[in-house]
4 protein chains.
Amino acid sequence: MSDNGIHPDAGKRQKILESAFAVFSQKGYQQTKVEEVAQHAGIGKGTVYLYFTSKEELLREMLKAMIKKYLSELKQKLAEETDPWAKLKVMYTIHVSLLQENPSLVQLHLHDFAFVNDQFRSWLETEKEDFVNHIAAIIESGIQTGQFRPLNAKLAAALIISSLGVFLPPHSSECFSVDELVDLLFHGMSRRVSAQA
Amino acid sequence: MSDNGIHPDAGKRQKILESAFAVFSQKGYQQTKVEEVAQHAGIGKGTVYLYFTSKEELLREMLKAMIKKYLSELKQKLAEETDPWAKLKVMYTIHVSLLQENPSLVQLHLHDFAFVNDQFRSWLETEKEDFVNHIAAIIESGIQTGQFRPLNAKLAAALIISSLGVFLPPHSSECFSVDELVDLLFHGMSRRVSAQA
Amino acid sequence: MSDNGIHPDAGKRQKILESAFAVFSQKGYQQTKVEEVAQHAGIGKGTVYLYFTSKEELLREMLKAMIKKYLSELKQKLAEETDPWAKLKVMYTIHVSLLQENPSLVQLHLHDFAFVNDQFRSWLETEKEDFVNHIAAIIESGIQTGQFRPLNAKLAAALIISSLGVFLPPHSSECFSVDELVDLLFHGMSRRVSAQA
Amino acid sequence: MSDNGIHPDAGKRQKILESAFAVFSQKGYQQTKVEEVAQHAGIGKGTVYLYFTSKEELLREMLKAMIKKYLSELKQKLAEETDPWAKLKVMYTIHVSLLQENPSLVQLHLHDFAFVNDQFRSWLETEKEDFVNHIAAIIESGIQTGQFRPLNAKLAAALIISSLGVFLPPHSSECFSVDELVDLLFHGMSRRVSAQA
DNA sequence: TATGAATGAGCGTTCATTCAT
DNA sequence: TATGAATGAACGCTCATTCAT
């Protein structure tokens, strides 16, 4: 489904994916020429087509790989925590540090690849849904343990994921701290009047 | 930067902008042909170039106009409320109803505007900053009145604005209610155990 | 079906068709670049696509026009004759003189456009079938009048059409005379022994 | 011109020619990829270039070989007959059965060989001339024996060769019989009125 | 001012050919 | 000798932009 079968040089495929990440991140899909990706990888234009059937597939595979890598790193780190509260805190921390280590990821966020075509759009939405469900499950377990109050876990998950955008430019991660944001999400904005009673 | 000087027919310029909004929203930038915009506006293709120097400028001007209109509508409605709490609630409600009235706005979010130039990008960031500050001011006043607890108003504002994304697809506004989200943001996720003590 | 609807300049369409005839005849389909046809017509490459949707359609329309013109000339001249025998003689004469007036037609014969695609192939075969049937009808009428002996009219028609190839290079029309060929076809090769009795 | 000198494995060269025949016949020149020919021959793509300098040369050599083989088979069979009349009848029969045994030969006719260079074209014309002369000689001898009436032997030969096209699609060999065609050629179309007298 | 016919730069993809192994 | 991974020239088609009217 993704590539043309068995390829001679798995390293080259990887190299092309990395170049695709670099160039698509910087310029978006339509503005990127296949030849640019090839040049970035130090290979000929035709070689790209030995590993990917089309520019579109190249983008899809690159995104797949990035998302997989991103989510697997995230999930692995989350798995090391047991406390739902800690999990979410860790998630923010990891997310922010990933963005800092890899500024191109920020750019990647700023592009919207949904427009490539409808199939692509639905694939992206599925991926996002998956991520939301993963976070929602964490929240559910927090509700079970009583650490979180009963709430719409999916909404909370969607909110948390949306809130990651807070760390994108122009409010880079230098502006706000993870702790502040987590505190805000966990305790809310309102003065807990009744609680004080 | 935006137009070629003074045009005799400001109404025609406006009509082109509206058509650009309609078509770009539905099909994205790259997929839209200038001729389609012209047809939608009921004019000839060449006429577009009497009012805008390029397709790209047309998009930028359209985005500028839409954002200005959106923010001014929002700010005006907010001005009608006095209570900070109510203001924020109202903001969500207006946002969601705007999206519902104008589904194209939703689409607008889903397209690739990567080609924006630096000038436009900085304008965009200024506008966003403005909006954040506007919301932050509301929050500040809420803190003054004691309705909100002391918190980083700018962060809260950024969070609120980010959270608007919750109502975009695939979690359309039908999935979540404004009230749920407001409740979550205002009261937080955690069970307020200690507070109850 | 053939063009994109109403075109501004019918003369230009005709000019393109003529250029297509000139270039396709000389170089065949695959070897011909659309830009060459455009250059021959003294127009830009893109202009070709205002009148024809694709290179393939351009070929089809050109062939259609040529065949139509060729057959209509032929049929018209044939209509002026009443005697089946004379009709066939005239057909040869016209065919040969057309080839002489228009050497590109010779080239056109030497290319085989059937391979363009299956649809094209069947269209060509239909055209040829039409032509065969037209000739066969003439022969049938000759049989009715008793000028021709009872024979498979369709086979005779196919033979006659095939025999036109005799005048193609390397045996150009200068080698053989129409009269000789007609005589041969009409009286056969064998010494008419029994007739001598 | 044809190969790169002496090759160790003449059998492999032959094998490649046969594969070229099989694939070019079926798909035409432009549609055939060199790799397909190589695969059909069970060798690597690069190996083809050890025996032929280019795809085009491969085609020319294949055509040469097929034509030579076809003509030599035909001439050999003809040599077995002594009667001119019988020879021609046999020629048709052989031709048709060759086409039936080897449907690819039919296909070979249907493709565009326009790109042949002048050298090849002249070789082709020489071969054709040769064939015509061969048939013409048969006819001459028939005239000598009085079986054929005095006629332009070369024209008759050209006609006979052209008439072979009658058995190509769309009028496949199933439509017409060899006997019918031979009868037509030998006795002509006209009712032999005067002979009846 | 307004038009839309004309233009040609631009790009994704293919595949004949090369060459390192 | 044989291979097949790598290459890049080539081309059909699109569409933003221009300009004669």
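Computation of the quantities below employed the complete heavy-atom set of this structure, encompassing side-chain atoms and omitting hydrogens, waters and symmetry-equivalent molecules. Lettering of chains follows the sequences in order, A, B, ..., and the numbering in each one begins at 1. All values reported here derive from a predicted model rather than from experimental measurement.
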Nearest listed nucleotide, side chain of D:Leu50, among E:dT7, E:dG12, F:dT3: F:dT3
So which of C:Leu63, C:Ile16, C:Asn102 actually passes side-chain contact (heavy atoms from CB on, under 4.5 Å) with C:Phe21? C:Asn102
Between the base of F:dT7 and the side chain of A:Lys45, is there a donor-acceptor distance below 3.5 Å? no
Before giving the answer on side chain to side chain donor-acceptor pair (under 3.5 Å), spell out for A:Glu57 and A:Thr53 the whole-Å C-alpha distance, their side-chain angles and the decisive distance to 0.1 Å. CA-CA 6 Å; A:Glu57 196 204 70; A:Thr53 60; 3.3 Å; yes
More 5' along DNA chain E: A:Lys55 or C:Thr47, using each one's nearest nucleotide? C:Thr47
Can you tell me which nucleotide in F:dA6, F:dT17, E:dT13 comes closest to the side chain of A:Lys12? F:dA6
Under 4.0 Å between a side-chain N/O of C:Tyr51 and OP1 or OP2 of E:dA6, yes or no? yes
Residue D:Lys33, side-chain atoms from C-beta onward, closest of E:dT17, F:dT17, E:dC15: E:dC15
By nearest nucleotide on DNA chain F, pick out whichever of B:Glu35 and D:Gly44 is the more 5' one. D:Gly44
Atom NZ of D:Lys15 and atom P of F:dA2 are separated, to the nearest Å, by 14 Å
Nearest-angstrom distance from the residue atom CD1 of C:Ile16 to P of E:dA5: 13 Å
Minimum heavy-atom distance between D:Lys55 and D:Tyr29, given as atom pair plus value: NZ-O, 3.0 Å
Per side chain to side chain donor-acceptor pair (under 3.5 Å), D:Glu36 is matched among D:Lys27, D:Gln26, D:Lys45, D:Gln31 by D:Lys27
For E:dA20, give the paired nucleotide (Watson-Crick: N1-N3 plus N6-O4 or O6-N4; G-U: N1-O2 and O6-N3; both under 3.5 Å), or none. F:dT3
Using whole Å, report how far CZ of D:Phe52 lies from P of E:dT17. 13 Å
With nearest nucleotides of DNA chain E determined for B:Gly46 and A:Gly46 from heavy-atom distances, which residue corresponds to the more 5′ nucleotide? B:Gly46
Nearest whole angstrom, please: distance from the P of F:dG12 to the CD of D:Gln30. 11 Å
Kindly point out which of F:dA6, E:dA16, E:dT14 is positioned nearest to the side chain of A:Tyr49? E:dT14
Under 3.5 Å for both donor-acceptor distances, Watson-Crick or wobble: does F:dA9 have a partner, and if so which one? E:dT14
Distance, rounded to the nearest Å, where A:Tyr29 contributes OH and E:dC11 contributes P: 13 Å
Round to a whole Å and report the spacing from CD1 of C:Ile43 to P of E:dT7. 6 Å
Which whole-number value in Å describes the distance from A:Leu58 CG to E:dC11 P? 16 Å
For D:Gln31 and E:dA16, what is the distance between atoms CD and C1' respectively, to the nearest whole Å? 15 Å
May I ask you to say whether C:Arg121 pairs ionically with C:Glu125, meaning some side-chain N is under 4.0 Å from a carboxylate O? no
